[in-house]
Amino acid sequence: MRAVEVREPNAKLELVEREIPVPSHGWVRIKVEACGICHSDSLTKEGLWPGIEFPRVPGHEVAGVIDAIGDGVNGWTIGQRVGVGWHAGHCGYCRSCRRGNFFACEVSLRVSGISFDGGYAEYMVAPSEALAAIPDELSDVEAAPLMCAGITTFNSLRNSGARAGDTVAILGIGGLGHLAVQFAVKMGFRTVAIARGSDKEQLATELGAHLYIDSNKQDPAAELLKLGGASLVLATVTNGKAMSAVLGGMGVNGKFMVLGAADASLEVPPLLLITGRRSVMGWYSGTSIDSEETLSFSVLAGIRAMIEVFPLERAAEGYDRMMSGKARFRVVLKTGT
Ligand SMILES: [Zn+2]
Ligand SMILES: [Zn+2]
């Protein structure tokens with residue numbers, strides 16, 4: 001089979017021939033049809049994840065078809081369309097797992113494209129607990145980006161505690177933000193999109209945002225306070241300064257949820273938190289059932305990522321495009337012929 005691997009940390013993405021993998025106990029083999037490229041694939045390419053081994057095939061936004069099943073797999077059948085996302089397994093017996101916090105497994109957190117070879121390939125094997133069923137209404141290239149960018153925004157919003165009618169601000173209109181706006185609107189929030197410049201305004205409106213704040217021209221915190229303050233700010237940007245500028249827009253009991261892995265630190269005035277009982281928290285993806293529900297909700301509400309499609313053999317080019325920040329808005333590798 002053809003696969004795109006990284007031979008060592010910081011090596012280029014290289015198209016290679018490999019043996020088609022055989023699923024072991026509890027695993028299935030997937031004929032990959034599409035795989036999204038995510039910023040977190042840089043953790044694989046640059047070898048930043050602790051303990052990662054090389055060569056490694058990246059890819060945790062996978063859509064495909066089950067093609068072979070190992071022993072001891074229940075509930076899945078050959079020919080079934082499935083997706084695989086970031087979270088692909090946990091031990092089930094550590095303290096986090098026993099509390100249901102599988103994402104924070106302390107013993108054997110398994111991540112697709114990092115702990116084992118991911119979806120930049122014609123075939124991959126995955127643990128059955130990582131599988132999400134793909135509804136018929138979604139094509140493979142539509143489903144793929146929902147497996148990470150989709151679940152991250154959908155699952156954070158639905159677990160944020162915000163209620164229908166609340167003001168929810170989406171900071172940043174990019175790979176995550178353009179999905180977050182759509183989810184927020186369809187969940188019934190008064191959705192405010194915040195981005196720099198006016199060029200994203202029309203897009204934000206088309207995605208359903210009720211209001212747009214150009215943070216170059218307006219103070220986003222002050223504008224949110226004019227609306228009564230945001231119950232939730234979902235920060236999808238990767239810039240600590242841009243995040244800090246919106247903190248003051250939280251309403252009483254407001255939450256500031258961080259999704260973007262910013263390089264600079266976030267400066268939070270303690271009195272802001274204390275006086276309005278406000279909070280700052282992060283959110284991290286979800287498990288396979290969350291992925292499956294992301295896909296279902298996307299069908300129900302007519303939500304799709306905006307994508308640029310590249311064939312598998314042009315993975316390196318697609319990766320550079322994604323990392324350049326110029327892609328509108330997710331890059332998806334089409335693997336199937
Ligand atoms: Zn991702
Ligand atoms: Zn565990």
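Counting convention: from 1, in listed order, for ligands and their atoms alike.
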Taking the six-membered ring for Trp, are Trp49 and Trp86 ring centroids under 6.0 Å apart?
yes
Check whether any N, O or S atom of Cys105, backbone or side chain, sits closer than 2.8 Å to the Zn ion (ligand 2).
yes
What protein N/O/S atoms are found closer than 2.8 Å to the Zn ion (ligand 1)?
Cys38 SG, His60 NE2, Cys148 SG
Tabulate below the donor-acceptor pairs under 3.5 Å that side-chain atoms of residues 160-167 make, not counting sequence neighbours, or state none.
residue, atom, partner, partner atom, Å
Ser160, OG, Leu157, O, 2.8
Ser160, OG, Ala162, N, 3.1
Asp166, OD2, Arg163, N, 2.9
Asp166, OD2, Ser231, OG, 3.4
Thr167, OG1, Arg190, NE, 3.1
Thr167, OG1, Arg190, NH2, 3.1

Of Ile37, Val62, Thr44, Thr335, the residue whose pairing with Tyr120 passes side chain to side chain contact (heavy atoms under 4.5 Å, CB included)
Ile37
Pairs where residues 48-70 contributes a residue and the test salt bridge (Lys or Arg N to Asp or Glu O under 4.0 Å) is met, not counting sequence neighbours
Arg29-Asp67, Arg56-Asp117, Glu61-Arg330
Can you tell which of Arg2, Arg18, Lys334 makes a salt bridge (charged side-chain N to carboxylate O under 4.0 Å, His left out) with Glu122?
Arg2
Taking side chain to side chain contact (heavy atoms under 4.5 Å, CB included) as the definition, give me every residue that meets it alongside His90, ordered by chain and number, with sequence neighbours left out.
His87, Cys97, Phe102, Cys105, Glu129
